[in-house]
Amino acid sequence: MRRKGHWFGCLLGAVLLLAGCQGTEEPLTKVEQPDWRVESPAWSMVSTDPADFGISYDDLADLSEYPLDKLVAYCLGADGVFAEDGFDQLYCRFVEAPRIWVTYVSLLPEEEQKILCEHTALTAASWYADSNEFSENLDVLETAYSSGAEKVVVSLLRSEYENAAV
């Protein structure tokens, strides 16, 4: 008798298991999407010397392929048309991945932070006519970084942006 009860219990369990595995339109639990885009840092070193990256300013390069660390070094060593293209790309990087941008810039000396923030803010205000993406990113970053080196960079970026927008 006990053997029949065990067999019946296994059969009932298998039927219930298979019934539960029937396809449904929606999963049982929904995965929440993050409010912020996923950002993965990809810099290999912290240097602002263009020579460390093998950068030369002989021809205009495709800066969209440069990792952030190399792009920063490019911008800090560039002038003229090279600088314009570099800071335009740096602005785009800020819009795409603002937390990574701020984190990397916060690792640099103050003088270089100021240059990068000033030119990125100027690009946002003059070339992109006060883009909402830039302003919204600044708002989110001010909330996210209430202290530390990143807060210093975000405050500097906000200040430079307000000066450029005047």
Side-chain contact, heavy-atom cut-off 4.5 Å: [X] with [Y]?
X      : Y      : result
Ile55  : Asp49  : no
Phe94  : Val102 : yes
Leu108 : Leu116 : yes
Tyr104 : Val153 : no
Val154 : Lys151 : no

So how far is it from [X] [atom1] to [Y] [atom2], rounded to the nearest 0.5 Å?
X      : Y     : atom1 : atom2 : result
Ser64  : Leu71 : OG    : CG    : 10.0 Å
Glu65  : Gln89 : CD    : CD    : 9.0 Å
Lys70  : Thr48 : NZ    : OG1   : 15.0 Å
Thr120 : Arg93 : OG1   : CZ    : 11.5 Å
Leu68  : Leu90 : CG    : CG    : 6.5 Å

Name every donor-acceptor pair, under 3.5 Å, that has one atom in a side chain of residues 140-150 and the other anywhere in the protein, sequence neighbours excluded.
residue, atom, partner, partner atom, Å
Glu142, OE1, Arg158, NH2, 2.9
Glu142, OE2, Arg158, NE, 2.8
Thr143, OG1, Asp139, O, 3.3

- Task: Measure from the side-chain N and O atoms of Glu160 to the backbone N and O of Lys114, and report whether any donor-acceptor pair falls under 3.5 Å.
- Result: no
- Taking Ser159 for its side chain and Leu156 for its backbone only, find out whether a donor-acceptor pair lies under 3.5 Å. no
- Close aromatic pair by centroid cut-off 6.0 Å: Phe134 and Tyr128: no
- Quick one: are the ring centres of Tyr57 and Tyr74 less than 6.0 Å apart? yes
- Parallel under 30°, tilted from 30 to 60°, perpendicular over 60°: which one fits the rings of Phe87 and His119? parallel
- Task: For Asp79, look at atom CG and say whether over 12 heavy atoms of other residues, nucleotides or ligands are found less than 6.0 Å away.
- Result: no
- Message: Checking Asp85 now: which residues fulfil side chain to side chain donor-acceptor pair (under 3.5 Å) with it, not counting sequence neighbours?
- Response: none
- Query: Leu122, Val105: one ILVMFWY side-chain cluster at the under-4.5 Å cut-off?
  - Reply: no
- Val152, Ile100: one ILVMFWY side-chain cluster at the under-4.5 Å cut-off? no
- Query: Would Trp101 and Val95 count as a side-chain contact (heavy atoms from CB on, under 4.5 Å) if you check the C-alpha gap in whole Å, the side-chain angles of each, and the deciding distance to 0.1 Å?
  - Reply: CA-CA 9 Å; Trp101 192 99; Val95 169; over 6 Å; no
